[in-house]
Number of protein chains: 2
Amino acid sequence: MLNESVKAVPRECGDCPIRHRAVCARCEADELEHLDKIKYYRSFEAGQTVIWAGDKMEFVGSVVSGIATLTQAMEDGRTQMVGLLLPSDFVGRPGRETAAYDVVATTDMVMCCFRRKPFEEMMVVTPHIAQRLLEMTLDELDAAREWMLVLGRKTAREKIASLLSIIARRDASLTFGKTTGPMVFDLPLTREAMADYLGLTLETVSRQISALRKDGVIVLEGKRHVTVPDFNRLMEEAGDDSDGGLLA
Amino acid sequence: MLNESVKAVPRECGDCPIRHRAVCARCEADELEHLDKIKYYRSFEAGQTVIWAGDKMEFVGSVVSGIATLTQAMEDGRTQMVGLLLPSDFVGRPGRETAAYDVVATTDMVMCCFRRKPFEEMMVVTPHIAQRLLEMTLDELDAAREWMLVLGRKTAREKIASLLSIIARRDASLTFGKTTGPMVFDLPLTREAMADYLGLTLETVSRQISALRKDGVIVLEGKRHVTVPDFNRLMEEAGDDSDGGLLA
DNA sequence: GACGATCTTTGACGCAGATCAACCTTTGCC
DNA sequence: GGCAAAGGTTGATCTGCGTCAAAGATCGTC
């Protein structure tokens with residue numbers, strides 16, 4: 001079962017699950033055809049490192065399925081996750097030679113890759129790609145700034161609640177519609193990875209999850225399967241106002 | 001002296017101090033001429049709020065001189081600075097109706113503003129602007145991620161050292177050349193604003209600055225004027241490797 | 001079915017940084 | 001010159017989270 005995920009790779013952009021959300025979202029048929037010529041798929045197993053910080057970037061690309069993390073490290077070993085890459089998210093920076101962060105697949109993952117040079121050349125003559133990439137980058141910047149508030153000012157309990165609400169919300173946007181009733185999802189991260197995301201230790205993560213469970217904010221089956229009976233309650237615990245979000 | 005800064009507003013793009021680093025950096029003469037028609041200058045006094053989060057964004061623009069901050073707030077009053085805007089930095093997000101963050105001038109400041117709609121229209125037909133904005137946004141994203149490491153994993157002392165090294169480095173890039181000898185600059189932020197940037201309290205900021213002074217890492221004249229006798233030492237205190245930086 | 005590896009939980013303890021409080025310095029205003 | 005406001009420093013105390021440690025749960029392998 002090692003290569004379970006490797007077999008089910010899409011071949012046609014038409015079938016692609018991220019066709020309308022990835023960097024290619026705005027492309028016309030002819031542009032897509034051009035992209036199709038320089039693209040190739042790569043599969044990664046859970047735990048596998050996609051790119052090491054400082055390595056030469058031979059390609060950029062989109063996450064098609066699965067989840068990856070962007071992590072920054074200090075020399076003494078402390079690490080901070082700085083991005084969580086979900087299906088349709090873009091990996092790599094056009095114009096940059098070397099990777100700035102470690103990219104690690106936390107689940108089995110499939111990427112749609114483009115060799116960097118041809119992609120950069122295509123970007124110059126294809127405004128639809130550059131426009132979409134700008135839009136995605138601005139969204140990522142907003143997410144990063146939201147996360148700075150979490151890291152800088154929230155308590156451990158609020159941090160956990162914030163992460164859960166983000167995962168829940170995103171999961172809901174994939175399993176789309178269905179805003180009613182309890183939300184149910186699986187945590188795609190280990191306690192350690194959550195700690196890494198939140199600037200905490202894994203022990204604190206574990207304790208706070210236990211506390212939220214004890215207080216009925218979440219229901220756990222096993223260690224990863226989460227049910228949120230009342231999403232507004234979770235939002236309150238996260239320190240976010242339950243009425244309207246920050247962004248449109 | 002209230003309006004000291006208001007008088008010295010540039011009028012011509014040719015004289016503009018940020019001409020080659022702002023969002024207009026790549027524009028040709030004719031594009032610049034077009035931009036010139038929709039631009040206007042605004043001055044702000046130190047302490048003045050430029051935009052409130054949630055307000056309608058009538059304009060976008062570039063910081064010409066002075067410094068502004070981007071701040072995010074929770075309902076209970078906790079705040080986190082999420083951006084420090086220096087000359088040439090861009091304010092606002094094309095395509096977004098309302099401001100996501102508070103923007104406050106921390107020094108007297110001049111902005112080169114464009115009404116949002118005409119600017120957005122111009123962006124569509126002027127790849128040079130969109131390209132430059134993408135580049136700038138990617139840089140900001142990198143800076144935000146760097147800051148996530150600071151917020152999530154560094155100690156109070158390391159946080160202060162990190163902020164000082166960032167300010168010192170930036171100041172050096174303006175007072176350009178001159179990599180030798182001690183670095184000298186003025187802190188553009190109050191202790192409170194530094195605390196806000198670093199996810200600390202102002203008391204902790206004050207104590208750590210005192211400690212760095214006592215240990216000879218920095219020399220203070222008054223409360224704002226800083227001399228860094230040995231920049232590598234400061235980098236070590238920041239937890240960054242003194243040899244090469246992370247980014248090219 | 002015993003064993004090791006990986007992930008997780010829980011407890012005991014200590015410390016970095018928050019909180020609360022007092023006081024100093026500088027600046028502008030009457 | 002006196003006074004208030006804003007910014008800054010320093011001390012005493014408290015506490016949330018990190019650190020260290022032990023042990024439980026799950027899973028794959030021999």
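In this text the structure is predicted, and so the values were computed from the model without any measurement. All values below come from the heavy atoms of this structure, side chains included, with hydrogens, waters and symmetry mates left out. Letters go in sequence order (proteins before strands), and every chain restarts at 1.
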Expressed in angstrom and rounded to an integer, what is the separation of [X] atom [atom1] from [N] atom [atom2]?
X: B/Q208; N: C/dA16; atom1: CD; atom2: P; result: 10 Å
X: A/L151; N: C/dG17; atom1: CG; atom2: P; result: 15 Å
X: A/M194; N: D/dC17; atom1: CE; atom2: P; result: 17 Å
X: A/E192; N: D/dG18; atom1: CD; atom2: P; result: 14 Å
X: A/L220; N: D/dT26; atom1: CG; atom2: C1'; result: 16 Å
X: B/R191; N: C/dT25; atom1: CZ; atom2: P; result: 15 Å
X: A/K214; N: C/dT10; atom1: NZ; atom2: C1'; result: 9 Å
X: A/L189; N: C/dC7; atom1: CG; atom2: C1'; result: 14 Å

Identify whether any heavy atom of [X] sits under 4.0 Å from a base atom; if not, whether one sits that close to sugar-phosphate; answer base, sugar-phosphate or nothing.
X: A/S210; result: sugar-phosphate
X: A/R224; result: sugar-phosphate
X: B/I209; result: nothing
X: B/G199; result: sugar-phosphate
X: A/S206; result: base

Original post:
With no angle test and no hydrogens, is the base of D/dT19 tied to the side chain of A/R207 by a donor-acceptor pair under 3.5 Å?
Top reply: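 By the distance-only test, yes, there is a pair.
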
Subject >> Check: D/dC20 base within 3.5 Å donor-acceptor of A/E203 side chain >> reply: yes

**OP:** Verify whether one side chain among A/D102 and A/T71 offers a donor that lies under 3.5 Å from an acceptor in the other.
**Re:**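 Checked: A/D102/A/T71 side chains show no N/O donor-acceptor pair below 3.5 Å.
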
Original post:
Do the side-chain N or O atoms of B/T201 get closer than 4.0 angstrom to the phosphate oxygens (OP1, OP2) of C/dG17?
Top reply: no

One thing to verify: whether [Y] and [X] come together as a salt bridge, which I'm taking to mean a side-chain N less than 4.0 angstrom from a carboxylate O.
X: A/R207; Y: A/E203; answer: no
X: B/R21; Y: B/D89; answer: no
X: B/R96; Y: A/D142; answer: yes

**OP:** State which of C/dG17, C/dT8, D/dG18 makes the closest approach to the side chain of A/L200.
**Re:** D/dG18

Subject >> Most 5' of B/K154 and B/K223 on DNA chain C, judged by nearest nucleotide >> reply: B/K154

**OP:** Indicate yes or no for a side-chain donor-acceptor contact from B/D215 to the backbone of B/V217 under 3.5 Å, with no hydrogens or angles considered.
**Re:** no

